[in-house]
Amino acid sequence: GLLRDITGEKISSSMCLCLEWNPSATSITVGLSDGSVSIVSVVESQLEVLQQWKAHEFELWATSFDVHQPHMVYTGSDDCKFSGWDIRESPFKLAFQNSKIHKMGVCCIASIPSDSNTLLTGSYDEYLRVWDVRSISKPVNETSVCLGGGVWRIKHHPFIPGLVLAACMHNGFAVVKVGGEKAEVLETYAKHGSLAYGADWQRGRSSLEGKRKNSLVATCSFYDRLLRIWMPESDCLTR
């Protein structure tokens, strides 16, 4: 069918760099190129900016809601800072800000649907970091893992807890298992000859082939304009 434009709203003179729905699909958090973050409500196809504030000094590459605590909004920026905001209060309250751990800009932030205490961040400094939200001032260092390229995107597997697909810019793509005291790379995929930016698991019902549970992955890269579909071979995906 045809896509239909329902509504649109210019929320800033700066570029909108990233966005994410809240779990109830009633509002969107938007990161802007001037370091601001905007919370936009969506009611009966109408957009309304609830609040917009200067959250960081430079480009805001990552923003997300906590899927377990939707009143918490996380932001990450080119200023190397990772912040959390409590949006129940007005003006919204800075719950924490960590400026010491990421050595370069923060590219992506993702809650783990199966674990309310764990949060992931990816950075230009090539590390995927695991945070315990009960002690957010520092990550659980034992579960940080270097992926060999800037970690631009993180996607959780739709039904296997703790399994993550990462787009690693100059170093292709990686499948990572996160859990407990460990974060390990299970598999890498390097058949793109350009910046690895886009990645996602196939959604919907899993296909069955004998006793193998197959998980397809789609990945895309920048300069070569390439889209690939592939199937990881890691044991946890095929048994």
Side-chain angles (χ1 to χ4, degrees), residues 5-99 101-102 105-124 128-131 133 136 139 150-156 158 164 166-167 197-200 203:
D5 188 1
I6 297 175
T7 186
E9 184 78 22
K10 183 173 182 178
I11 64 171
S12 172
S13 59
S14 299
M15 292 184 290
C16 298
L17 299 179
C18 54
L19 53 77
E20 185 180 281
W21 288 94
N22 71 345
S24 61
T26 56
S27 63
I28 302 169
T29 176
V30 184
L32 305 172
S33 59
D34 68 352
S36 298
V37 61
S38 183
I39 305 298
V40 182
S41 70
V42 184
V43 179
E44 296 180 350
S45 301
Q46 295 299 311
L47 301 178
E48 179 186 355
V49 177
L50 299 178
Q51 192 158 340
Q52 187 166 292
W53 70 98
K54 184 78 169 180
H56 292 272
E57 298 167 42
F58 304 126
E59 289 88 345
L60 203 152
W61 296 119
T63 183
S64 70
F65 288 94
D66 189 311
V67 297
H68 305 283
Q69 304 179 85
H71 63 272
M72 283 295 298
V73 170
Y74 302 116
T75 57
S77 167
D78 224 33
D79 62 11
C80 307
K81 294 177 182 177
F82 168 43
S83 305
W85 308 85
D86 188 334
I87 63 173
R88 292 175 296 186
E89 302 185 28
S90 184
F92 297 155
K93 178 184 176 183
L94 178 64
F96 72 85
Q97 186 170 82
N98 188 295
S99 59
I101 299 297
H102 299 95
V106 181
C107 303
C108 51
I109 303 167
S111 298
I112 294 186
S114 60
D115 185 349
S116 61
N117 296 323
T118 304
L119 188 69
L120 303 179
T121 61
S123 171
Y124 284 124
L128 174 70
R129 290 182 171 87
V130 183
W131 300 75
V133 298
I136 200 70
V151 185
W152 181 252
R153 283 291 177 269
I154 304 168
K155 290 288 184 175
H156 294 287
V164 173
Y197 273 156
D200 203 2
R203 307 286 163 167

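All heavy atoms count here, side chains included; hydrogens, waters and symmetry mates do not.
- Identified under the ring-ring contact (aromatic ring centres under 6.0 Å, His included) test for residues 24-51, with sequence neighbours left out: none.
- Summarising the geometry, atom CG belonging to D200 is positioned 4.5 Å from atom NZ belonging to K155; distances are rounded to the nearest 0.5 Å.
- Atom NE2 of H56 is separated from atom OG of S83 by 3.5 Å, given to the nearest 0.5 angstrom.
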Under 3.5 Å, which donor-acceptor pairs link side chains of residues 36-49 to any protein atom two or more places apart or in another chain?
from, atom 1, to, atom 2, distance (Å)
S36, OG, D34, OD1, 3.0
S36, OG, D34, OD2, 3.4
S38, OG, Q52, OE1, 3.2
S41, OG, E48, O, 3.4

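- Between F82 and H102, the ring planes lie perpendicular to each other; the angle is over 60°, past the 30° to 60° tilted range.
- A donor-acceptor pair under 3.5 Å is absent between the side-chain atoms of T29 and the main chain of L19, judged by distance alone.
- Between the side chain of D86 and the backbone N or O of A95 there is no donor-acceptor pair closer than 3.5 Å.
- Taking every heavy atom of both residues into account, T26 and W21 meet most closely at N-CE3, 4.4 Å.
- Inter-residue side-chain proximity for L32 and C16 is flagged as met; some heavy-atom pair is nearer than 4.5 Å.
- The 12-atom threshold is not exceeded at NZ of K93, counting heavy atoms of other residues, nucleotides or ligands nearer than 6.0 Å.
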Could you go through the side-chain contact (heavy atoms from CB on, under 4.5 Å) check for E57 and K81 one step at a time?
-> CA-CA 9 Å; E57 298 167 42; K81 294 177 182 177; 2.8 Å; yes
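- The shortest heavy-atom contact between S27 and F65 is OG-CZ, 3.6 Å.
- Panel note: side chain N98, backbone I101; a donor-acceptor pair is recorded below 3.5 Å.
- Scanning both residues, G31 and L60, for their nearest heavy atoms gives CA-CD2, 3.6 Å.
- A pairwise comparison of heavy atoms in S12 and S14 identifies OG-N, 2.9 Å as the closest pair.
- Of all the heavy atoms in V133 and S116, the pair that sits closest is CG2-O, 3.6 Å.
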Begin with the C-alpha distance, continue with both residues' side-chain angles, and end with the deciding distance and a verdict on side-chain contact (heavy atoms from CB on, under 4.5 Å) for I112 and H156.
-> CA-CA 7 Å; I112 294 186; H156 294 287; 3.4 Å; yes
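- The closest side-chain heavy-atom distance from C107 to V151 is not below 4.5 Å.
- Checking I109, L120, L119 one by one against W131, the side chain to side chain contact (heavy atoms under 4.5 Å, CB included) holds for a single residue, L119.
- The closest side-chain heavy-atom distance from L94 to W85 is below 4.5 Å.
- Between the CG atom in D66 and the OH atom in Y74 there is a gap of 3.5 Å [rounded to 0.5 Å].
- When side chains are defined from C-beta on, D78 counts as touching Y124, because their heavy atoms get closer than 4.5 Å.
- Interatomic distance, T121 OG1 to I154 CD1, rounded to the nearest 0.5 Å: 6.5 Å.
- Relative orientation of the F92 and W53 rings is perpendicular, given thresholds of 30° and 60° on the angle between their planes.
- Summarising the geometry of C80 relative to G105, their closest heavy-atom pair is SG-N, 3.9 Å, with the distance given to 0.1 Å.
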